[in-house]
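Below is one structure, written out as structure tokens; the observations come after it.
Note that the structure is a prediction, hence the values are computed from the model and not measured.
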Amino acid sequence: MAVTRLRAKKPKLDRMDAPREVHLMMSSDQRQVLETFLFAGEEVQTVAMAGPRFTGKTHTGAHCLGYRALMYPGTRHLALRTVQDAADLNMGEELKAAFFRPHDIKLGSRRRNEVQYLEAENRFVLQNDSMIQLGFCRAPRDWEKHLGVQWDTEWLEQAEQFTEYAYSRLSGSNRASTSTPCCPRRLLTFNPGGIGAEWIERRIVDPCTRDRRTVFVEAHIRNSMATLERDPSYVLRSLMSITDPILRAQWLDGKWDAKSGIFFRLLPMIDGVPGTIQEMRVPYWADWYCGVDWGDSSPFACMYVAHWEDKAGKRHLHVGGEVYQAGLELDQQAERALEKEKDLNRNNPFMHKVKIRMAGWETGKSLEGESTEQTRSKASVWQKHGFITRPSYRYSRSSGWSLIKYLIRRRILTIDPDCMALIKEFKTAVRKDYAEDVDDKRCADHALDALRHITVYLFGLDYREQEVDEWAGVT
């Protein structure tokens, strides 16, 4: 699809009659990003393109910046990456080879009405006085030199290598100019993983938490005709041969659930067998329990689970509801949890009364500032408001996580898709260095702790599923 046929709402483009083959080689993902970036209104502030390697993200970014610089004379556009060599070789060469050359835009001197590349400044200056600046961040704070400059466009290539602080600070420089109708816009291209994976998933990828002015497009290697045309065996030779499951999921499938240091592996549905995240019809004979993790400034978490055995004797544990809220006093926590139990009962008419609520062992301790003669504790305050809990035994956290991992592998543990806080903690949990534990300094674990308390109570730390002897009783 030629760019001249897109839904143009902006001024007529200069030099947009690109060879037809340039756009035919673009995937549908690339064309979607290009169209949105060029012609969306002010309701779109950020356009992001992510996926596995070699899906044309840099190629698309070069076209987005090149066309926008031609559309609006006298505008400034920043292309930023973490390493100078990569900025020159990837972004600079991509602009030359993939954009300027196919459009017959010559590089040379402005006196001859050509695009001039100022090597000392790493800058392209176009015939219409627009400028494309190649930036780099070799040191952690090198991006600061681009602050204070008004940029009509900011492109962060390999954005997963930037910190959230850098991303937020740079956004202040992406602002509208009074001399041009060009509205400010940001382009992010990135792969799964990297030091910025957590904030990128939260602010860009996750539709529940990203800004409504952000458009996210997921790219797929199998749609990238340019890569497949140039190197047909690339997927088979380079990607299918990756043995590391996390790296393979990131590079081949562009999976955001696959993270370096990931602690849990949630299972997908296979051949009708339920995956970890799955709606379940809880039978009427199931017993209901609750795991509790108290919170103050951090979230108060309750995980409501149904526990039963099926006709074959297999045990099941299904997380059917959750409470996850910060900033509640102890009495408000009790009221909020009891309200949730009523809601669950309305949605599950056969739901039994919650049998036991297990909380962390520390909830049985006297509150800070209370004398040792007094018995006032978090648990006693909850009990006063009708929310009765038991403190769990003290045991190593790693033993509890091992049990949960085992229940996931054996497809005993399932989670309702509505339990979004628990699912997010599962997906973002990372391993503590040199320990088999969740690193609570780098990720939240409040819902996970609540689930751990009740899971250990129901199954015990040494639980193993009994293997069915198919030959039992056969003589």
Side-chain angles (χ1 to χ4, degrees), residues 257 263-293 301-323 337 340-359 389-390 392-393 395 399-427 429 447-475:
D257 294 349
F263 196 77
F264 296 101
R265 305 285 177 84
L266 305 185
L267 302 180
M269 176 185 285
I270 299 178
D271 297 329
V273 179
T276 307
I277 303 173
Q278 184 76 34
E279 290 185 357
M280 296 286 285
R281 179 171 294 179
V282 178
Y284 66 87
W285 63 86
D287 292 318
W288 285 81
Y289 299 86
C290 177
V292 184
D293 185 64
C302 284
M303 298 297 121
Y304 289 94
V305 302
H307 178 234
W308 73 94
E309 286 189 6
D310 60 23
K311 294 181 180 179
K314 182 179 178 67
R315 295 174 71 177
H316 296 270
L317 186 70
H318 180 67
V319 185
E322 68 177 11
V323 173
K340 182 63 178 180
E341 292 179 16
K342 292 178 182 179
D343 291 340
L344 286 171
N345 190 254
R346 280 193 291 268
N347 296 327
N348 301 274
F350 297 109
M351 175 182 172
H352 298 177
K353 184 179 179 181
V354 175
K355 294 185 70 171
I356 291 175
R357 305 181 188 94
M358 293 297 297
T389 63
R390 292 186 187 180
S392 64
Y393 296 106
Y395 55 87
S399 300
W401 303 138
S402 296
L403 172 63
I404 290 177
K405 289 179 180 180
Y406 177 80
L407 298 181
I408 291 174
R409 289 198 309 271
R410 303 296 296 183
R411 298 185 185 270
I412 295 172
L413 175 63
T414 53
I415 306 169
D416 190 276
D418 287 339
C419 298
M420 297 178 65
L422 177 61
I423 292 170
K424 183 173 183 179
E425 288 193 5
F426 263 116
K427 290 184 175 183
L448 289 171
D449 277 336
L451 178 62
R452 177 169 55 86
H453 297 324
I454 193 61
T455 302
V456 172
Y457 171 78
L458 290 172
F459 287 85
L461 293 172
D462 299 324
Y463 174 77
R464 287 298 179 268
E465 197 172 23
Q466 283 188 333
E467 298 293 339
V468 178
D469 186 357
E470 297 180 357
W471 298 96
V474 177
T475 59

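Residue G400 comes nearest to V456 through the heavy atom pair CA-CG2, 4.0 Å, listed as atom of the first residue, atom of the second, then distance. Considering every non-hydrogen atom in both P417 and I277, the closest pair reads CA-CG2, 4.0 Å. Annotation for V282 and H318: closest pair CG2-CD2, 4.0 Å, computed over non-hydrogen atoms.
T276 contributes a side-chain N or O that, together with a main-chain N or O of L267, makes up a donor-acceptor pair within less than 3.5 Å. Looking at R411, its side chain does come within 3.5 Å of a backbone N or O of P274 through a donor-acceptor pair. Remark: the backbone N or O of M303 is not paired with any side-chain donor or acceptor of E322 at under 3.5 angstrom. Side-chain atoms of N348 never come within 3.5 Å of backbone atoms of M351 as a donor-acceptor pair (strictly under, hydrogens ignored).
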Side chain to side chain contact (heavy atoms under 4.5 Å, CB included) between F350 and W285: does it pass, once the steps are laid out? CA-CA 8 Å; F350 297 109; W285 63 86; over 6 Å; no
Checking ring-ring contact (aromatic ring centres under 6.0 Å, His included) for the pair H453/Y393: CA distance, chi angles, key distance, verdict? CA-CA 9 Å; H453 297 324; Y393 296 106; over 10 Å; no
Could you walk me through whether Y304 and E341 pass the side-chain hydrogen bond (donor to acceptor under 3.5 Å, both in side chains) check? CA-CA 8 Å; Y304 289 94; E341 292 179 16; 3.0 Å; yes
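Looking at E465 and K314, a side-chain N of the basic residue comes within less than 4.0 Å of a carboxylate O on the acidic one, giving a salt bridge.
For the pair R357 and Y289, the cation does not sit on the ring face, since its NZ or CZ is not both under 6.0 Å from the ring centre and inside 45° of the axis. Remark: K427 is not positioned above the aromatic ring of F263, lacking an NZ or CZ atom under 6.0 angstrom from the ring centre and at most 45 degrees off the axis. Annotation: cation-pi pair R265/F426 absent, no NZ/CZ under 6.0 Å from the ring centroid and within 45° of its normal.
Residue-environment remark: CD (E279) stays at or below the threshold of 12 foreign heavy atoms within 6.0 Å. Environment of CG in D462: sparse, with no more than 12 heavy atoms of neighbouring residues, nucleotides or ligands closer than 6.0 Å. Within 6.0 Å of atom CE in M280, more than 12 heavy atoms from other residues, nucleotides or ligands are found, so the atom counts as buried in its surroundings.
Note that NE2 of H307 is 6.5 Å distant from CD of E309, once rounded to the nearest 0.5 Å. Summarising the geometry, atom OH belonging to Y463 is positioned 7.5 Å from atom CG belonging to L407; distances are rounded to the nearest 0.5 Å. Taking CD1 from I454 and CZ from R390, the interatomic distance works out to 9.5 Å, rounded to the nearest 0.5 Å. The line from OG of S399 to CD1 of I404 is 11.5 Å long, rounded to the nearest 0.5 Å. Here CG of L317 is found 15.5 Å from CZ of R410. Values are rounded to the nearest 0.5 Å.
Side-chain rings of W308 and H316 approach one another, their centers coming within less than 6.0 Å.
Partners of R346 under the salt bridge (charged side-chain N to carboxylate O under 4.0 Å, His left out) rule, at least two apart in sequence or in another chain, are D343. By the salt bridge (charged side-chain N to carboxylate O under 4.0 Å, His left out) test, D449 pairs with R397, R452, sequence neighbours left out.
Residue I408 forms a side chain to side chain contact (heavy atoms under 4.5 Å, CB included) with just one option from L413, I415, T414, and that option is L413. In summary, of the residues considered (L461, I412, L403), a side chain to side chain contact (heavy atoms under 4.5 Å, CB included) with T455 occurs for L403 alone.
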